[in-house]
Number of protein chains: 2
Amino acid sequence: MNIGEVAERAGLPPKTIRYYEDIGLIRPLRSDNGYRAFQKNDLHKLAFLGRARALGFSIEDCRTLLALYDDGTRESAQVKQIAEEHLHQIDEKIAQLKSMRNTLAHLVEACHGDHRPDCPILEDLSNANVD
Amino acid sequence: MNIGEVAERAGLPPKTIRYYEDIGLIRPLRSDNGYRAFQKNDLHKLAFLGRARALGFSIEDCRTLLALYDDGTRESAQVKQIAEEHLHQIDEKIAQLKSMRNTLAHLVEACHGDHRPDCPILEDLSNANVD
DNA sequence: GTAATGGTTCCAGTTGCTGGAAGCTCAAGA
DNA sequence: TCTTGAGCTTCCAGCAACTGGAACCATTAC
C-alpha cells in the first residue's frame with residue numbers, strides 16, 4: 001500500500017504519517033521506487049495511533065502504548081496506569097476550563113454589548129492588584 | 001522600574017515580558033544603561049495581559065483587547081463579541097474533553113490492571129475498522 | 001508526448017513561551 | 001579598590017504535534 005491508501009484507511013493525513021515515521025513510531029518498508037510500502041501491520045499501528053491520539057494521549061504515551069501492544073508479556077497494570085494518569089490530566093484540564101468558563105460567562109453576561117464604551121469585561125481585566 | 005520588579009508585581013516571568021515586548025504588546029522605554037524602564041502604564045498593561053491570558057484569550061485576542069482598552073471610542077459590543085467567541089471555543093474544548101474522558105473512564109474501569117497481559121484498553125485502541 | 005496525480009525530501013512556520021549561553025551593569029562587602 | 005553576585009541584555013534553540021510549501025521524481029491515462 002502507498003501512503004495515500006493508508007492515509008485514507010487509517011484516517012490520518014499523509015503528512016502526519018510521514019511525521020510518525022520521522023519520530024520512529026512506525027518503520028514502513030520501501031519499494032524500489034522509493035515509495036513507502038506499508039504492510040497490514042503498519043496500517044493497524046497507524047489506526048491505533050489515530051485512536052490513541054483522539055483520546056488525547058501524548059505522542060510519548062502512544063509510543064509506550066504501542067510498545068506494550070507489541071509486547072505479549074506486558075502487564076495490563078502498565079497500560080492502566082498510563083490511562084489513569086492521562087484521565088487525571090484530562091480532569092484537571094476540564095476543571096481549569098470550567099473555571100475560566102465560569103468567570104468569562106459572568107463577564108459576558110454583565111456586558112451590555114452596545115455602542116457605548118463602558119465594559120465590565122475590560123474593567124475586570126484591568127483591575128489587577130499591582131501594588 | 002526594572003524588569004524584575006515589574007515581573008514580580010505583574011506576576012509574569014521576565015522572559016514572558018521580554019517576549020511580549022518582542023511581539024509588540026508593550027513598548028517600554030529604555031534607560032541609559034540599556035535596561036528596560038517600565039512606567040506604571042506598562043505595568044498595568046502587563047497585569048491586564050496576565051489576567052486575559054489566565055482566562056485563556058489568545059495572544060492575538062489580547063492584542064485586540066488591549067487596543068480596545070486603550071481606545072476611548074470603543075463600543076462594548078466589540079469586546080463582548082471577542083469574549084463570546086472565546087467562550088464558545090472553551091465550551092467546545094470542554095465538550096471534547098468530556099467525551100474523551102467518558103470513553104477513557106470506561107476503558108480504565110474495564111481494565112483489571114494486574115499482571116496479566118489482556119487489556120480492554122489496548123483492545124479498544126486496536127479495534128479500529130481499517131478495511 | 002504530455003499532463004495530472006501522487007509520491008519524495010527538506011525547510012519553515014504555527015502557539016506561547018522557556019532554557020541556556022555569553023556578556024554587560026550595578027550595588028555591597030573585604 | 002577590587003571582587004563577587006545578582007540582575008540585566010541579546011540571541012539562539014527547543015518544546016508538541018503537526019502543517020504548508022517548494023522542488024523534484026514516478027506512475028498512469030489519454
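When reading the values below, keep in mind they use all heavy atoms of this one structure, side chains included, and skip hydrogens, waters and symmetry mates. Everything numeric in this text was worked out from a predicted model, so none of it was measured. Chain identifiers are assigned alphabetically (A, B, ...) following the order of the sequence lines, protein sequences preceding nucleic acid strands; residue numbering begins at 1 within each chain.
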Review point. Which residue, B:Ile121, B:Asp114, B:Leu122, forms the side chain to side chain contact (heavy atoms under 4.5 Å, CB included) with A:Ser76?
Key: B:Asp114
Exercise for review: Compute whether any side-chain donor of one residue and acceptor of the other, for B:Gln89 and B:Glu85, lie under 3.5 angstrom apart.
Suggested key: no
Check your understanding: B:Leu12 CG to C:dC17 C1': how many Å, rounded?
Key -> 11 Å
Review point. Out of C:dT25, C:dC17, D:dC8, which nucleotide sits closest to the side chain of B:Ile59?
Key: C:dC17
Revision key, fill the gap. Heavy-atom nearest nucleotide on DNA chain C taken for B:Ser58 and for B:Asp32; more 5' hit belongs to B:Ser58
Review point. Quick one: is A:Asn2 getting a side-chain N or O under 4.0 Å of the C:dG6 phosphate, OP1 or OP2?
Key: no
Point to revise | Phosphate contact (C:dG7 OP1 or OP2) by A:Arg36 side-chain N/O below 4.0 Å | key: no
Practice item. Whole angstrom is fine here: how far is it from CD in B:Glu8 over to P in D:dC8? Key: 11 Å
Exercise for review: Give one of base, sugar-phosphate or nothing for B:Pro13, where a contact means two heavy atoms less than 4.0 Å apart.
Suggested key: sugar-phosphate
**Study point:** Interface with DNA chain D, restricted to residues 15-30 of chain A and to heavy atoms under 4.0 Å
**Key:** A:Lys15, A:Thr16, A:Tyr19, A:Tyr20
Revision key, fill the gap. Sorted by chain and number, sequence neighbours left out, side chain to side chain donor-acceptor pair (under 3.5 Å) with B:Arg36 holds for B:Glu21
Check your understanding: Can you check whether A:Gln96 reaches A:Glu92 side chain to side chain, under 4.5 Å on heavy atoms?
Key -> no
Check your understanding: Nearest to the side chain of A:Asn33, which nucleotide is it out of C:dT25, D:dA26, C:dG7?
Key -> D:dA26
Check your understanding: In whole angstroms, how far is the P atom of C:dC17 from the CD atom of B:Glu60?
Key -> 12 Å
**Study point:** Distance, rounded to the nearest Å, where A:Glu5 contributes CD and D:dT28 contributes C1'
**Key:** 16 Å
Practice item. List for me each residue that meets ring pair (Phe, Tyr, Trp, His ring centres under 6.0 Å) alongside A:Tyr35, sequence neighbours excluded, and say none if there are none. Key: none
Check your understanding: Going through the distances and angles, do A:Ile82 and A:Thr64 end up as a side-chain contact (heavy atoms from CB on, under 4.5 Å)?
Key -> CA-CA 9 Å; A:Ile82 293 172; A:Thr64 308; 3.5 Å; yes
Practice item. Let me know the distance between CD1 of A:Ile3 and P of C:dT5, rounded to the nearest Å. Key: 19 Å
Check your understanding: In Å, rounded to the nearest 0.5 Å, how long is the span from CD of B:Gln78 to CG of B:Leu65?
Key -> 10.5 Å
